[in-house]
Participant: 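One structure is given below, represented as structure tokens, and several questions about it will come after.
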Number of protein chains: 2
Amino acid sequence: MPAETRVNKVAKVDASSARPDSAPLTERQEARRRRILHASAQLASRGGFDAVQMREVAESSQVALGTLYRYFPSKIHLLVATMQDQLEHMHGTLRKKPPQGDTAAERVAETLMRAFRALQREPHLADAMVRALTFADRSVSPEVDQVSHQTTAIVLDAMGLENPTPEQLSAVRVIEHTWHSALITWLSGRASIAQVKIDIETVCRLIDLTEPKEPR
Amino acid sequence: MPAETRVNKVAKVDASSARPDSAPLTERQEARRRRILHASAQLASRGGFDAVQMREVAESSQVALGTLYRYFPSKIHLLVATMQDQLEHMHGTLRKKPPQGDTAAERVAETLMRAFRALQREPHLADAMVRALTFADRSVSPEVDQVSHQTTAIVLDAMGLENPTPEQLSAVRVIEHTWHSALITWLSGRASIAQVKIDIETVCRLIDLTEPKEPR
DNA sequence: CGGTAATCTAGAACAAGTTTCAGACTTGAT
DNA sequence: ATCAAGTCTGAAACTTGTTCTAGATTACCG
């Protein structure tokens, strides 16, 4: 009945690592998806959010505009997916060289600063991804949540926690809030790199507050 | 030489309270500006960010589209200005009934929760303003900075501080980061009201950390 | 194989933000 | 009162995200 192995509604799912969603993709479809994400990241690296124009992405990835929209129902979806993709990279990289700090707070701050430095190397890409992330509305919630969970996983990794308490989870959320918002102020030129560093270090002190004695 | 009392480039400035910018506005211009902001807030209250359509704003405020763009060079500028406007209100309101908490942290948390409840009454308006704020790029930096300063003033008021230390300023920045980001997650349905409350209370604990000995 | 349903393509069409332009209107100065 | 310069208006044009359509392709089932 179907054609290229059905892809029910939107092929927004799955892929290499962690996206156990609805439908498996054909190899050609997987290739298309990858081409699209690659084109997206490339255009974003050049000129940020505005440079990622749907027609251009379609052309660069040799896919019809309609197809692009079948895979990613909006520009925001596309950029959030691009961010998921990049985050996976980063998490992998971080796993290999875990932070060295003595306290959880230090390790988290170090991890975030490492990520920050990576973003500084591709400020336009960072701009596109972060702007998309914060501009996303309800229709993108599932994808944004994925990004959020991935980020949480990275932070918890750095803390070395298996079973965080609700209190600690709240602290982690606050750290992520700060992380996102600080990135935005940096990207829009309203805060210096030094200031972002200070703010990250400041918020990480919250961790100590939630780790009084025995992490039972 | 000029006409309606020159307004050099953009009439983006000034107004009632705090915007000591370049050019004074004619009464008619002041009235136009006010009509525009009113229309903006009204449309935003109805349907949020998307409902604020420039053509509609122009029509509602009985101003030509070109004029609207002369006053506010982009939709984002318009919405950020709308936010400045609303913030002034709020700051005024808060001044009248200062928070009651014993510690600075409590007072700040109470203040922010009060603001949060106000936003809950107009979720669409909140959506429009916050989305605009975080989506703003460099071209809107001055205006966004104003909003940021206004927010800082509110928080410092709640803390009862005259001369904050750099450390405390960083804590305040982190609080604002959390505030913005938490609002976004709430607006996009990814966090509950309760969670926002918890996160605000959590981040406010940072204040105690920066207030070593004698507070008052 | 052949059939059929889903997918992909090319391109037009639409929507909303932004720009542009000619002409009418105001303002402050002479 | 007149005038020069800046402002406002109305309307069209342009840009980019998004939707739609008709026809060509592809995948899988029997």
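Bear in mind that the values here come from a model prediction, so they are computed numbers and not experimental data. Just so it is clear: chains get the letters A, B, ... in the order the sequence lines come, proteins before strands, and each one is counted from 1.
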Participant: Under 4.0 Å between any heavy atoms, over every strand shown, what does A:Glu27 touch: base, sugar-phosphate, or nothing? Just pick one.
Facilitator: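 Nothing, no heavy atom under 4.0 Å.
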Participant: Do we see a donor-acceptor contact under 3.5 Å between the side chains of B:Ser170 and A:Asp199?
Facilitator: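 Yes.
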Participant: Which residues satisfy the ring-ring contact (aromatic ring centres under 6.0 Å, His included) test with A:Phe135, sequence neighbours excluded?
Facilitator: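 B:Phe49, B:Phe135.
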Participant: Between the side chains of A:Glu30 and A:Arg35, is the shortest nitrogen-to-carboxylate-oxygen separation below 4.0 Å, so that they form an ion pair?
Facilitator: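 Between A:Glu30 and A:Arg35 there is no salt bridge, as every charged N stays at least 4.0 Å from the carboxylate O atoms.
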Participant: How would you label the contact of A:Glu56 with the nucleic acid (heavy atoms, under 4.0 Å): base, sugar-phosphate, or nothing?
Facilitator: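 No contact at all - A:Glu56 keeps every heavy atom at 4.0 Å or more from the nucleic acid.
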Participant: Before accepting this row, confirm whether a basic side-chain N of the pair A:Lys197/A:Glu201 lies closer than 4.0 Å to the acidic partner's carboxylate O.
Facilitator: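 Yes, charged N to carboxylate O under 4.0 Å.
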Participant: Does A:Lys97 come within less than 4.0 Å of A:Glu110, counting only side-chain N to carboxylate O?
Facilitator: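 A salt bridge is absent here (no side-chain N lies under 4.0 Å from a carboxylate O).
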Participant: Measure CG/B:Leu79 against P/C:dT18 and give the value in whole Å, please.
Facilitator: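 Roughly 10 Å, once rounded to whole Å.
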Participant: Quick one: is D:dT26 close enough that its OP1 or OP2 comes under 4.0 Å of any side-chain N or O from A:Gln29?
Facilitator: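 For A:Gln29, the contact criterion (side-chain N or O under 4.0 Å from OP1 or OP2 of D:dT26) is not met.
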Participant: Can you tell me how far C1' of D:dC8 sits from CZ of B:Arg35, to the nearest Å?
Facilitator: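 After rounding, the gap between these two atoms is 11 Å.
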Participant: State whether the side chain of A:Ser40 and the backbone N or O of A:Ile36 hold a donor-acceptor pair below 3.5 Å, judged by distance alone.
Facilitator: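 Side chain of A:Ser40 to backbone of A:Ile36: no pair is present.
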Participant: Between B:Glu59 (CD) and D:dG10 (C1'), how many Å, whole number?
Facilitator: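 Interatomic distance, CD of B:Glu59 to C1' of D:dG10: 12 Å.
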Participant: Salt bridge check, B:Asp85 against B:Arg34: does any charged N sit closer than 4.0 Å to a carboxylate O?
Facilitator: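 Salt bridge between B:Arg34 and B:Asp85, a charged N being under 4.0 Å from a carboxylate O: yes.
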Participant: Given atom CZ of A:Arg32 and atom C1' of C:dT7, what is their separation to the nearest angstrom?
Facilitator: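 Distance, rounded to whole Å: 8 Å.
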Participant: Determine: side-chain N/O of A:Arg28 to OP1/OP2 of D:dA27, distance under 4.0 Å, yes or no.
Facilitator: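 It does, given that an N or O in the side chain of A:Arg28 lies less than 4.0 Å from OP1 or OP2 of D:dA27.
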Participant: Atom CG of B:Leu68 to atom C1' of C:dT19: distance rounded to whole Å?
Facilitator: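 Nearest whole value for this atom pair: 13 Å.
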Participant: Nearest-Å distance, CZ (B:Phe72) to P (C:dG17)?
Facilitator: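 Rounding to the nearest Å, CZ of B:Phe72 and P of C:dG17 are 15 Å apart.
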Participant: Check nucleotides 17-22 of chain D for protein N or O atoms closer than 3.5 Å to its own N or O atoms and list the pairs.
Facilitator:
{"from": "D:dG17", "atom 1": "OP1", "to": "A:Val52", "atom 2": "O", "distance (Å)": "3.4"}
{"from": "D:dG17", "atom 1": "OP1", "to": "A:Lys75", "atom 2": "NZ", "distance (Å)": "3.0"}
{"from": "D:dG17", "atom 1": "OP2", "to": "A:Met54", "atom 2": "N", "distance (Å)": "3.1"}
{"from": "D:dG17", "atom 1": "N7", "to": "A:Arg55", "atom 2": "NH2", "distance (Å)": "2.5"}
{"from": "D:dG17", "atom 1": "O6", "to": "A:Arg55", "atom 2": "NH2", "distance (Å)": "2.8"}
{"from": "D:dT18", "atom 1": "OP2", "to": "A:Tyr69", "atom 2": "OH", "distance (Å)": "3.0"}
{"from": "D:dT18", "atom 1": "OP2", "to": "A:Lys75", "atom 2": "N", "distance (Å)": "2.9"}
{"from": "D:dT18", "atom 1": "O5'", "to": "A:Tyr69", "atom 2": "OH", "distance (Å)": "3.4"}
{"from": "D:dT18", "atom 1": "O4", "to": "A:Arg55", "atom 2": "NH1", "distance (Å)": "3.3"}

Participant: Between atom CD in A:Glu30 and atom C1' in D:dT26, what is the gap in whole Å?
Facilitator: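 In whole Å, D:dT26 C1' lies 18 Å from A:Glu30 CD.
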